[in-house]
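Shown next, in structure tokens, is the structure this report addresses.
Everything quoted here is computed from the prediction, not taken from an experiment. In what follows, chains carry the letters A, B, and so on, assigned in the order in which the sequence lines appear, proteins first and then strands, with residues in each chain numbered from 1.
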Amino acid sequence: MMQRLFFILGLAFSVFAKAELTIEITQGIASSIPISVVPFQTTASTSSGDVLDDVIRNDLQRSGHFAVLAPNDMLSHPHTEDDLYFRDWRLLKQEYVVMGVTTELANGQFQVRYQLFDVFNERELLTQTLKGTQQQIRDVAHRISDAIYEQLTGIRGAFSTKIAYVTTNPERTRFNLSIADSDGAREKIILSSKYSIFSPSWAPDGKRIAYVMLEDAGSRVYLQDITTGKKELISSNKGLNSAPAFSPDGNKLALTLSKDGNPEIYVVDLTTRKWLRVTNHYGIDTEPNWMPDGKHIIFTSGRSGNPQIYRKNLETGYVERLTFEGHYNARARLAQDGRFLVLVHQAQAGGDFHIASLDLTRGLLQILSSGTYLDESPSVSPNGVMVMYAAKHNKRSILAAVSVDGDVKFLVPSKSGDVREPAWGPYPN
Amino acid sequence: MPLHFTDPTSFKIPMIGSACIIGILLFLLMTEWIGDEEKVVKRPQHIAARIVQMNKPKPKAAPVKSVKKPAAPKQVKKADKPKPKPKPIKNVEKAQTQVKAKEPAKPLPLPGTDFLEALEQEEAQKALNDVLQKEAQAKQAKEQQDQVADYSSQINALIQSVWRFPPSAKHDEEVVLRVYLVPTGEVTEVFLLQSSGNAALDRSAEQAVWKVAHFPVPQDAALFEKEFRQIVLKLKPENARL
């Protein structure tokens with residue numbers, strides 16, 4: 001009995017005592033993940049012309065975190081596990097494979113079952129069955145992209161989100177506030193006006209949008225319900241009424257008003273309509289944006305001579321300057337729980353305006369945009385990965401997107417005229 | 001010439017024939033053994049110490065032969081069985097000649113006594129060598145350490161070149177894996193010892209090991225068993241943005 005005890009104890013100690021060879025790896029590669037989305041097997045005829053797996057491939061490719069293999073470069077197009085040979089995909093240096101089967105249901109609906117495989121660990125990571133109508137093909141595709149994206153990157157996908165932006169005809173006589181998928185598809189005009197529209201801002205519930213309209217009598221801030229189209233006047237003070245921004249809980253709106261002489265930041269409670277003045281400085285204070293905690297507001301201020309970004313604690317009143325690099329920093333938005341600032345940056349007087357990110361933890365400023373000029377109004381995707389902004393390109397104002405790490409850039413196609421003032425919507429509920 | 005069971009003399013020629021065959025067989029057996037032993041001696045050529053040890057069996061082989069020797073009479077006896085007495089006389093003669101023939105083979109045990117001396121010498125040498133060996137061992141240990149470090153850094157470089165961590169990876173996260181290898185360096189199993197808390201990062205680490213699939217490991221079997229049969233990998237994405 002005792003012997004056995006000693007034996008076990010000895011064994012236990014030997015396990016602890018044995019120093020296994022430990023190798024520490026401290027560097028890896030941060031490049032795009034190779035993934036193959038095999039064309040789905042389909043018995044359903046698509047009336048809308050959208051192909052499910054095309055949309056998924058585009059989504060993943062545009063995110064910048066994936067290198068998507070073209071279907072022509074695949075060795076085979078398997079639809080079931082039996083036809084899937086991991087070795088083939090390893091040969092193609094693919095790390096993940098997505099397969100799917102679409103079937104037509106009665107009443108014009110369709111069903112899709114897809115699987116996500118890990119090629120090197122040789123296992124299934126995800127399988128899901130989704131249903132939808134023919135009109136929902138893109139929605140279903142974006143949802144699949146979201147699920148794959150989250151599974152593989154550890155970041156929530158934002159392909160199902162919407163963007164709002166303002167379009168103008170070349171004569172600048174008609175202004176439209178539009179909403180579209182985050183890839184620019186399925187554009188829908190929610191407001192058309194002869195007045196200029198600025199600064200659309202999404203409510204966190206994704207159901208309302210606040211914006212500024214430059215009417216004959218001056219600027220006005222409105223709040224509009226997206227589905228009903230009903231609009232509500234929020235602010236029509238003397239002077240400037242601009243830059244609305246919703247608090248994280250959606251109950252308050254921060255604005256810039258110049259009713260006291262020079263632009264200052266105010267917060268209005270949307271239910272009680274009580275106003276609170278946030279800044280009080282003879283310099284210009286504008287472009288407020290809430291921190292995720294709802295207790296801090298960041299804003300642009302000219303108090304040091306040139307525009308720079310500041311942060312104010314609403315409870316203590318403490319104001320802190322955040323940007324020190326560059327001649328001009330403005331229109332800041334937050335990314336990734338407030339760790340990064342995305343802003344409009346001008347390195348020195350007279351230089352180009354670019355979109356830059358500032359890592360508040362490490363204090364590193366990185367210029368993200370290139371190939372465009374007069375970059376303005378950056379808006380960050382809710383997962384903090386992509387930035388959409390307006391830029392001048394071939395003498396037109398267009399939308400462009402860049403990842404917060406600067407690795408991916410693409411232009412969002414537009415039909416004609418100018419596109420400006422993008423605002424990335426929240427996650428759909 | 002017909003065989004008559006009643007006439008023992010008619011078995012004379014067959015008896016001589018069978019005795020000859022037995023003799024040849026025995027001779028063949030003996031020579032074959034010697035040949036085998038020599039082959040055995042050659043095989044472990046690379047280990048000098050063993051050559052001496054393998055010589056030991058040689059004298060032992062001789063006793064084996066003497067064991068076989070009695071076997072010969074046995075066979076003779078078998079031959080006897082069907083036969084009445086008259087034959088045994090001749091058989092004895094044959095056996096005697098066989099014994100005589102074998103006695104020249106007996107000198108083999110003599111090396112046995114040499115071997116005992118050799119053993120003593122060997123032990124003396126061993127004692128002498130021990131000192132040298134200890135020095136050599138210290139040197140070897142150092143060499144082994146260098147080898148372990150060398151292979152470790154090779155493995156490190158290989159994994160670094162293929163480890164694609166996800167964009168959600170934070171620079172202070174850490175995944176610890178235990179990897180099981182076979183002597184060819186092939187990965188047989190990867191076991192997650194400690195998760196980073198980020199499933200995507202954990203998976204990327206496991207994937208990196210399978211991407212390498214074939215680790216560089218030392219040829220020395222003992223060193224492999226000691227250090228590389230199972231290894232622990234700590235993966236930290238220190239160059240991650242977050």
(message) Which atoms of B/S161 are under 4.5 Å from chain A, going by heavy atoms: the side chain, the backbone, both sets, or neither?
(response) backbone
(request) Tell me, for B/P167 versus chain A, whether the close heavy atoms (under 4.5 Å) come from the side chain, the backbone, both or neither. (result) both
(message) Less than 3.5 Å apart, any donor N or O on the side chain of A/H345 or A/R331 sitting next to an acceptor on the other?
(response) no
(request) Against chain B, label A/T361 side chain, backbone, both or neither, depending on which of its atoms sit under 4.5 Å from a heavy atom there. (result) neither
(request) Have a look at A/I35 and tell me which of A/L69, A/V97, A/V68, A/I56 forms a side chain to side chain contact (heavy atoms under 4.5 Å, CB included) with it. (result) A/V68
(request) Answer with side chain, backbone, both or neither: which region of B/A240 has an atom nearer than 4.5 Å to a non-hydrogen atom of chain A? (result) backbone
(request) Could you check which of B/Q207, B/K236, B/E238 has the highest count of heavy-atom pairs closer than 4.5 Å to chain A? (result) B/Q207
(message) Between A/L364 and chain B, with a heavy-atom cut-off of 4.5 Å, which part of the residue counts as in contact: side chain, backbone, both or neither?
(response) neither
(request) Would you mind telling me which of B/V190, B/V162, B/V209, B/L177 has the largest number of heavy-atom pairs within less than 4.5 Å of chain A? (result) B/V162
(message) Do the side chains of A/D359 and A/R339 get close enough for a salt bridge, i.e. N-O under 4.0 angstrom?
(response) yes
(message) Can you confirm whether the side chains of B/N198 and B/S196 place a donor and an acceptor under 3.5 Å from each other?
(response) no
(request) Tell me, for B/R229 versus chain A, whether the close heavy atoms (under 4.5 Å) come from the side chain, the backbone, both or neither. (result) neither
(message) Can you tell me which portion of A/Y96 sits under 4.5 Å from chain B's heavy atoms? Options are side chain, backbone, both or neither.
(response) side chain
(message) Counting only non-hydrogen atoms closer than 4.5 Å, does B/L233 touch chain A with its backbone (N, CA, C, O), its side chain (CB onward), both, or neither?
(response) both
(message) Under 3.5 Å, is there a donor on one side chain and an acceptor on the other for A/R143 and A/S160?
(response) no
(request) Tell me, with the steps shown, if B/D220 and B/Q147 meet side-chain hydrogen bond (donor to acceptor under 3.5 Å, both in side chains). (result) CA-CA 10 Å; B/D220 178 0; B/Q147 270 201 48; 5.5 Å; no
(message) Taking side chain as everything from C-beta outward and backbone as N, CA, C, O, which of these in A/E150 sits under 4.5 Å from a heavy atom of chain B? Side chain, backbone, both or neither.
(response) neither
